[in-house]
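Worksheet: the structure to be examined is printed underneath.
The chains referred to below are lettered A, B, ... by the order of the sequence lines, with proteins before strands, and numbering in each begins at 1. In this text the structure is predicted, and so the values were computed from the model without any measurement.
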Amino acid sequence: MTKLFSKTRKTHPSDEVALNAQLLIKAGYIHKEMAGVYSYLPLGLKVIENIKDIVRDEMNALDSQELTMTTLQEKELWEKTDRWDDNNVDIWFKSELKNGTEVGFGWSHEEQVGNMVKEYINSYRDLPMSVYQFQNKLRNETRAKSGILRTREFIMKDMYSFAESEEQHKEFYDRVTESYHKVFDRVGLGKDTYFTFASGGAFTDKFSHEFQTLVGAGEDIVYIDKKQKIALNKEVMNDDVLDLLKLKKENFEESVSAEVGNIFSFGSSKSETLGIYFTDKEGVSRPVIMGSYGIGIARLMGVIVEYFSDENGLNWPYSVAPYKVILTTIGNDPDVLKEAETMYKNLTDKGIEVLYDDRDARPGEKFADADLLGIPLRVVISEKNIKSGELEIKRRSEKNSQYIKKDELQKVIETIKKNNT
RNA sequence: CGGGGUGUGGCGCAGUUGGCUAGCGCGCACGGCUGGGGGCCGUGAGGUCGCCGGUUCAAGUCCGGCCAUCCCGACCA
């Protein structure tokens, strides 16, 4: 911790109202550049990378392939789908090249990816196919708010799928739904994250689907059916939709939620506009069926903060925690320091990420920071504990510390990992 | 984009009807005492009072414009 350039602080900036940003700034995870624009410091970046690793793992399991597309985008492509005009899409950041050519900064990559894959999709043998990326999206929001939940620049995982038929598309779409549930389970939000019917929007089928996490800081209103574990976004909550889905209104209750993911079907409309065709078995040229699947990585981090934090600060699920153990020394006794360094090495050698609080600070400050930083397990090394021969541990999710035998530590860590808290 | 609020050392704040070298706490540096839930004492560094212009003998304070930021609303593909 003496080498960590970020430091904790006791207060948050007075103009930061959102809990997620208050805590992340106090703990030194993020830095605000301007309204709706945040930098991710070493601790914050580790959380982002942990979330990305989980998402990446699940996307790869779908045989989707990772790539990275550019932020600068061509005007012509968006004009084809009539989405360049500011009257149709009002969140564009635009600029121009030295020669006057207009360019846009990507707020989505649907058009770009569609245009790109035309080169590689020729035959039904090339389908189904899917690609994804983690990328900074730029959206000129009229009003950024809620800390890192709604920003002008944000990290998003966006995936795109291409299929030869509605059936093939549906199969992939359903597998993505499963994968998304796994992602939200793995980051600790599974219990309160609902598969949600939402309005389709331009170019899409009747419904799109969202993944909504029940959390007070959210911006959406959903109606949830806890038994069936599904939800309807308020925007589609009406009798026609209920009839169509064969659902009963009385099973639903209203709740505030945050959208952590969404998935769209485009059918063949976008392919027809962009000219993405393949040749089927009969030699007939047909438009591909396209889908789009997003997870807001930075927003997900913010939702996790909002969901788990308490009056003492952050509280990360093990799976996304920047460090799994915080090793806290008390006093400057040589035996204490030696013991701490031995433990640091032992745990690190086992692949467990340890944040070593080697500061010459008083216990109270160290404990307060350990809580604020939200590391799942705290281990305290002190003269007192060395004499007793026991290990003092405290889980972030629990109030009091406990004493265990030294050889039980590994088991405790395994348990926390398994329960993800 | 409509409405409202706020800008004073890195952070949180005070500064009265305009008036004297712009204060306080945290943090920071140095010295000392401490040592299990943000401890204490002393010394010190650090400020174009958001920016530009105006009124005045005199502006952090009054007026105008601008900028930034937050909240409510609208929007959210």
Practice prompt. Can you figure out which of B:C70, B:G36, B:C76 approaches the side chain of A:E392 most closely?
Written response: B:G36
Item to complete: For A:N385, answer base if it contacts any base atom (sugar-phosphate contacts may also be present), sugar-phosphate if it contacts only those atoms, and nothing otherwise; contact means non-hydrogen atoms under 4.0 Å.
Response: base
Worksheet item: Salt bridge between A:R56 and A:E66, side-chain N to carboxylate O under 4.0 Å?
Response: yes
Practice prompt. Indicate yes or no: at least one non-hydrogen side-chain atom of A:V325 is less than 4.5 angstrom from one of A:L355.
Written response: no
Worksheet item: So do A:L43 and A:L4 actually touch side chain to side chain, heavy atoms under 4.5 Å?
Response: yes
Item to complete: Determine, for A:D86 against A:K94, whether the closest basic-nitrogen to carboxylate-oxygen distance falls under 4.0 angstrom.
Response: yes
Practice prompt. Scan A:K118, A:K270, A:K80 and name whichever one has a salt bridge (Lys or Arg N to Asp or Glu O under 4.0 Å) with A:E111.
Written response: A:K270
Worksheet item: NA contact type, A:R139, heavy-atom cut-off 4.0 Å: base, sugar-phosphate, or nothing?
Response: nothing
Discussion item. Using atom C1' in both nucleotides, what's the gap between B:C70 and B:G23 to the nearest angstrom?
Written reply: 26 Å
Worksheet item: Which of the following nucleotides, B:A77, B:G37, B:C70, is nearest to the side chain of A:A35?
Response: B:C70
Worksheet entry | Candidate nucleotides B:U69, B:G38, B:A74, ranked by approach to the side chain of A:M34 - the nearest | B:U69
Worksheet entry | B:G37 base / A:D371 side chain donor-acceptor hit below 3.5 Å | yes
Fill in: Closest nucleotide among B:C75, B:G37, B:C70 to the A:D15 side chain
B:C70
Worksheet item: Atom OH of A:Y403 and atom P of B:G36: how far apart are they, to the nearest Å?
Response: 12 Å
Worksheet item: With a 3.5 Å cut-off and just heavy-atom distances, do the side chain of A:T142 and the base of B:A74 make a donor-acceptor pair?
Response: yes
Item to complete: Please measure how far the P atom in B:A58 lies from the corresponding atom in B:G54, and state the result in whole Å.
Response: 12 Å
Item to complete: Send over the distance from A:E210 CD to B:C76 C1', rounded to a whole Å.
Response: 11 Å
Fill in: Dot-bracket pairing map - RNA chain B, Watson-Crick plus G-U, both contacts under 3.5 Å, | cross-strand
(((((((..((((.....[...)))).((((((.....)))))).....(((((..]....))))))))))))....
Discussion item. What is the separation between atom CD1 on A:I381 and atom P on B:G36, rounded to the nearest whole Å?
Written reply: 16 Å
Worksheet, complete the sentence: When rounded to whole Å, the CD to P distance for the pair A:E16 and B:G12 reads 11 Å
Response to the item:
Winner on side-chain proximity to A:R83, out of B:A77, B:G36, B:C71, is B:A77
Discussion item. Need one value for A:V17: base, sugar-phosphate or nothing, where a base atom within 4.0 Å counts as base even if backbone is also close, heavy atoms only.
Written reply: sugar-phosphate
Worksheet item: Are the side chains of A:S382 and A:D333 in touch, meaning some heavy atoms are under 4.5 Å apart?
Response: no
Item to complete: May I ask you to say what A:K366 touches in the nucleic acid, namely base, sugar-phosphate or nothing, with a heavy-atom cut-off under 4.0 Å?
Response: nothing
Worksheet item: What distance, rounded to whole Å, do you find between the two C1' atoms, one in B:G9 and one in B:A22?
Response: 11 Å
Worksheet item: Rounded to whole angstroms, how far apart are NE2 on A:H12 and C1' on B:G10?
Response: 16 Å
Fill in: For atom CD of A:E365 and atom P of B:G37, their distance in whole Å
13 Å
Worksheet item: Nearest-Å distance, CD (A:E235) to P (B:C76)?
Response: 9 Å
Discussion item. If you assign each of A:L372 and A:A144 to its closest nucleotide in RNA chain B, which residue comes earlier from the 5' end?
Written reply: A:L372
Worksheet item: Less than 3.5 Å between a donor and an acceptor, one on the side chain of A:R378 and one on the base of B:G37, is that the case here?
Response: yes
Discussion item. Is the shortest side-chain heavy-atom distance between A:K366 and A:I330 below 4.5 Å?
Written reply: no
Discussion item. Does anything in residues 291-305 of chain A come within less than 4.0 Å of RNA chain B? Heavy atoms only, and list the residues if so.
Written reply: none
Worksheet item: Can A:S130 and A:S161 be counted as having a side-chain donor-acceptor contact under 3.5 angstrom?
Response: no
Worksheet item: Just wondering, do A:T328 and A:M1 contact through their side chains at under 4.5 Å, heavy atoms?
Response: no
Worksheet, complete the sentence: Side-chain atoms of A:P13 come closest, of B:G38, B:G73, B:C11, to B:C11
Worksheet item: Strictly by modelled atom types, are A:Y307 and A:D192 linked by a side-chain donor-acceptor pair under 3.5 Å?
Response: yes
Item to complete: Answer yes if the side chains of A:N262 and A:E259 hold a donor-acceptor pair under 3.5 Å, and no otherwise.
Response: yes
Worksheet item: So does A:K405 pair up with A:E390, basic N to acidic O under 4.0 Å?
Response: no
Practice prompt. Measure from the side chain of A:I330, starting at C-beta and using heavy atoms only, and say which of B:C70, B:G12, B:G36 lies closest.
Written response: B:G36
Practice prompt. Using the P atoms only, state how far B:G10 lies from B:G46, rounded to an integer number of Å.
Written response: 12 Å
Worksheet entry | From B:G38, B:C75, B:A77, nucleotide with atom closest to A:R150 side chain | B:C75
Worksheet entry | Of A:A361 and A:S14, the one whose closest RNA chain B nucleotide lies more 5' | A:S14
Item to complete: May I ask you to say whether A:R299 pairs ionically with A:E306, meaning some side-chain N is under 4.0 Å from a carboxylate O?
Response: no
Practice prompt. Answer yes or no: side-chain N or O of A:D90 and base N or O of B:A74 forming a donor-acceptor pair under 3.5 Å.
Written response: no
Worksheet entry | Atom-pair distance (NZ on A:K26; C1' on B:G10), nearest Å | 17 Å
Item to complete: Can you tell me, in whole Å, how much space there is between the C1' of B:A59 and that of B:C75?
Response: 42 Å
Item to complete: Quick one: label A:K399 by what it contacts on the DNA or RNA (base, sugar-phosphate, nothing), any heavy atom closer than 4.0 Å.
Response: nothing
Practice prompt. Could you run through nucleotides 24-34 of chain B and give me one letter per nucleotide, 5' to 3': B if any protein heavy atom sits under 4.0 Å from the base, S if only the sugar-phosphate is that close, - if neither?
Written response: --SS------B
Discussion item. Can you tell whether the side chains of A:K145 and A:E219 come within less than 4.0 Å, N to carboxylate O?
Written reply: yes
